[in-house]
Amino acid sequence: MKMIKITLPDGSVREYSKGISVYDITKDISEGLARVALGAVVNGKTMGMQEEVNEDSTFKVVKFEDKEGKEIFWHTSAHIMALAVQNLFPGVKFAIGPAIDNGFYYDFDTEHRFVPEDLEKIEAEMKKIAKENYTVERFVMSRDEALDYFKKKDEIYKVDLIENLPEDEEISFYKLGEFTDLCAGPHLYETKKVKAVKLLSIAGAYWRGDENNKMLQRIYGTTYEKKKDLEEYLNRLEEAKKRDHRKLGRELDLFTIQEEGPGFPFFHPKGMIIRNILESFWREEHAKRGYDEIKTPIILNESLWHQSGHWDHYKENMYFTKIDEEDYAIKPMNCPGSILVYKSKMYSYRDLPVRWGELGLVHRHELSGALHGLMRVRSFTQDDAHLYILPSQIKKELIDIIDLADYMYSIFGFKYHIELSTRPEDFMGTEEQWEVATNGLKEALEEKGIKYIINEGDGAFYGPKIDFQLEDAIGRTWQCGTIQLDFQMPERFDISYVDKDNEKKRPVMIHRTIFGSMERFMGILIEHYAGKFPVWLAPVQVSILPISDKFNDYAYELKDKLKGKGIRVELDGRAEKIGYKIREAQLQRIPYMLIVGEKEVADNLVSVRKRDHGDLGQMNVEDFISTIVEEIENKVK
RNA sequence: GCCCACGUAGCUCAGAAGGUGGAGCACUUGCAUGGUAAGCAAGAGGUCACCGGUUCAAAUCCGGUCGUGGGCUCCA
């Protein structure tokens, strides 16, 4: 019998006979461990308890708490759901059913239209299956056997999947009761570990994510080992919903989106305060770093968009109009406008880099189903900038932009991750140019020691890009900042500078944003702060609340004094009780409430109540003013 | 754009097996002048998203359009 060596996390080595199961190894390490283990990471590969180990390996047990454990758990849950659906709705065809971030889904193809009541039925069936404790069996077939098996069952999606698998690999299957699925695994050994089940929603999804394919029905769900953990997760979802920027936007009177303008947001006075502060912050930081600001027209002649390549690559997303008999387009991007400014004169190599910022209003026709509050709109202002630089300046300029973005995000306390998008199918220019540009971005990131994910084929049509992804309240990430390196537009528009040798040469262009769009960034900010904006951003910084309207005179004096210091202050002089006024100010997330009554009037004081700290007691008016002014100036978080 | 669900007062929602619409909050007025998260009372406010069909009668049933939500696709 052949023996293999298994190295445990503590460094100790054990010997077993070849073909031993993950379960038996785990059991041998510790009986107790086998009860909580869901699988193991063996030589870096996650395996289920039923799988066999055949070579010398490092071996680490995984539990539900581990990322790999959740993946196993939810993947099996997807199969349990599939079996439940098969039991309840015979004739359903199965597509794919993976584990995702917080649960799993499975895509089904059936004439039956799933309705919410079905979810309850399926849920009940899943619980039954889990309780009856099926074991999940793994076996392999040859490619031909596998194809034959699914063709007989008319499982067209599985056949499609197998046909796209590499020719020489063995094909693994997992069998759960009467449900046998093509699957790489790994899976739970037995279903009884699944103690809490919740199906969350029904959605449409195209087969293989391609809109030309048939739309399947997807059911999303999640499961847990303990009922308590499921409840906790559902509570978290509820809490997150409370900070949805669309709800807070209305409650705090920041913005609305009306039926008359789907995807075209209306900014209310309080929303504009935040927006204007963000713009001032943006202008200050850019001015410090050698940027100048320009503004270019929203409507420009269609010929410009032919020249830029937008007509060929972006027409579907553009709006058009006519002026007299001429065709015009509403700009979907700011770059061509910026380039026209550049072209209006001659440049020496000494003038470069030229850095021009533009808070540019663009319009893009997004699909109606894609619109989402402020996060996805059809009209938005990009905090754009275009840099015209010498090829030798690429790395330094890229690094400076990365630093600027990092600094600006840090002011808000944002976490983000970076993605690098490479050449799309529909690209302009040559493959060599793309390679140089992509490597430029990679080098800048690597020099900064920043980790990034690569999105193959997701670049803009004119160049590769780095994206900064920020998270919203429920963990969805949104692209905000972007840096794009472009060799195409300079050529298309034949822009140049005069080099030392008196030759005209082509500058390199960088397109970049930090906020991304003012709209999206505000949406993210609202959710990030749950409406509790720090004092420097808060639309109303101080609310003065007289105990009764007898003290309104003092309150008005106080208001003028604060206003004189540039503080955004409101006065609630209504004949209401103090508790009522506090409640309203609190619901409006106003950072400071100043309560004034008989005692304060007598000694020129204010009683300070802070949004998240409650009553701070009495304070001298001047002291309060200097405290808050300092907080504003330092952009205290 | 596609799949599913939804659209009743400014907001949150109830109601309607077809017979001329309801609550709470918000708003207006009156009373109460109250010390750290909702004082009392009265009033005003809706062509039940829009268009069409069925019917003696439609907010309710049917069809379409628009919009919203969750996904897919796409993206700042």
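Chain naming here is simple, since letters A, B, ... match the order of the sequence lines and numbering starts at 1 in each. Just so we're clear, the structure is a prediction, and the values are computed from it rather than from any experiment.
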**Q** Using only side-chain N and O atoms of A/Y580, determine if any of them is under 4.0 Å from OP1 or OP2 of B/A26.
**A** yes
**Q** Anything under 3.5 Å between a donor and an acceptor, one on a side chain of residues 371-378 of chain A, the other on a protein residue two or more places apart or in another chain? List them.
**A**
unit_1 : atom_1 : unit_2 : atom_2 : d
A/R376 : NH2    : A/E366 : OE1    : 2.6
A/R378 : NE     : A/E366 : O      : 3.0
A/R378 : NH2    : A/E366 : O      : 2.8

**Q** To the nearest 0.5 Å, what is the distance between CG (A/L88) and CD (A/E125)?
**A**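 The CD atom of A/E125 is 4.5 Å from CG of A/L88, to the nearest 0.5 Å.
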**Q** Does the plane of the ring in A/H365 sit parallel, tilted or perpendicular to the ring in A/Y319? Use 30° and 60° as the thresholds.
**A** perpendicular
**Q** Show each protein N/O and nucleotides 44-51 of chain B N/O combination with a separation under 3.5 Å, one pair to a line.
**A**
none

**Q** Scan residues 549-559 of chain A against RNA chain B and write down, sorted by residue number, each residue with any heavy atom closer than 4.0 Å; if none is found, say none.
**A** A/D549, A/K550
**Q** A/L616 has an atom CG; how far is it from atom P of B/U36, in whole Å?
**A** 15 Å
**Q** How many whole angstroms separate atom CG of A/L605 from atom C1' of B/G35?
**A**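 To the nearest whole Å, that distance equals 14 Å.
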**Q** Are A/E358 and A/K331 close enough for a salt bridge, meaning some N to O gap below 4.0 Å?
**A**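 Looking at A/E358 and A/K331, the cut-off is met.
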**Q** Does a donor on one side chain sit under 3.5 Å from an acceptor on the other, for A/S338 and A/Y388?
**A**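 Judged by distance alone, the side chains do pair up.
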**Q** CZ of A/R583 versus C1' of B/A38: gap in Å, rounded?
**A**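 Between C1' of B/A38 and CZ of A/R583: 5 Å.
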**Q** Under 3.5 Å, which N/O atoms of the protein pair with N/O atoms of nucleotides 10-15 of chain B?
**A**
unit_1 : atom_1 : unit_2 : atom_2 : d
B/U12  : OP1    : A/R250 : NH2    : 3.0

**Q** Return no unless some side-chain N or O of A/H372 is found under 4.0 Å from OP1 or OP2 of B/G71.
**A**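 Checking B/G71 against A/H372, no side-chain N or O comes under 4.0 Å of OP1 or OP2.
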**Q** Would you write out the dot-bracket form of RNA chain B, 5' to 3', with Watson-Crick and G-U pairs under 3.5 Å, [ ] for crossing pairs, | for pairs to other strands and . for unpaired bases?
**A** (((((((..((((.....[..)))).(((((.......))))).....(((((..]....))))))))))))....
**Q** When A/F414 is tested against each of A/Y407, A/F515, A/F521 for ring pair (Phe, Tyr, Trp, His ring centres under 6.0 Å), which residue passes?
**A** A/F521
**Q** State whether A/R512 and A/E397 are salt-bridged, where the test is any N-O pair (Lys NZ or Arg NE/NH1/NH2 against Asp/Glu carboxylate O) under 4.0 Å.
**A** no
**Q** Any luck finding a side-chain donor-acceptor pair between A/T482 and A/D467 under 3.5 Å?
**A**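 There is such a pair (donor and acceptor under 3.5 Å, judged by atom type) between the side chains of A/T482 and A/D467.
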**Q** Side chain of A/K599 only, please: which of B/G35, B/C72, B/U73 is the nearest?
**A**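 Out of B/G35, B/C72, B/U73, the nucleotide with an atom closest to A/K599's side chain is B/G35.
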**Q** In whole angstroms, how far is the C1' atom of B/U36 from the CE atom of A/M619?
**A**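 In whole Å, B/U36 C1' and A/M619 CE are 16 Å from each other.
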**Q** Quick one: A/F521 CZ to B/C75 P, roughly how many Å, whole number?
**A** 22 Å
**Q** Are a donor atom and an acceptor atom from the side chains of A/E527 and A/H245 found within less than 3.5 Å of each other?
**A** yes
**Q** How close or far is atom C1' of B/G71 from atom CD1 of A/I202, stated in whole angstroms?
**A** 11 Å
**Q** Measure from OH on A/Y206 to P on B/C3 and round the result to the nearest Å.
**A**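 Rounding to the nearest Å, OH of A/Y206 and P of B/C3 are 8 Å apart.
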**Q** For residues 580-608 of chain A, which residue pairs pass the salt bridge (charged side-chain N to carboxylate O under 4.0 Å, His left out) check, not counting sequence neighbours?
**A**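 Residue pairs passing salt bridge (charged side-chain N to carboxylate O under 4.0 Å, His left out), neighbours aside: A/R574-A/E584.
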**Q** When you compare the side chains of A/D160 and A/W207, does any donor N or O come within less than 3.5 Å of an acceptor on the partner?
**A**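 Note: A/D160 and A/W207 side chains meet the donor-acceptor criterion.
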**Q** Can you name the one residue among A/K247, A/K241, A/R246 that meets salt bridge (Lys or Arg N to Asp or Glu O under 4.0 Å) with A/D244?
**A**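 Exactly one candidate clears the test, A/R246.
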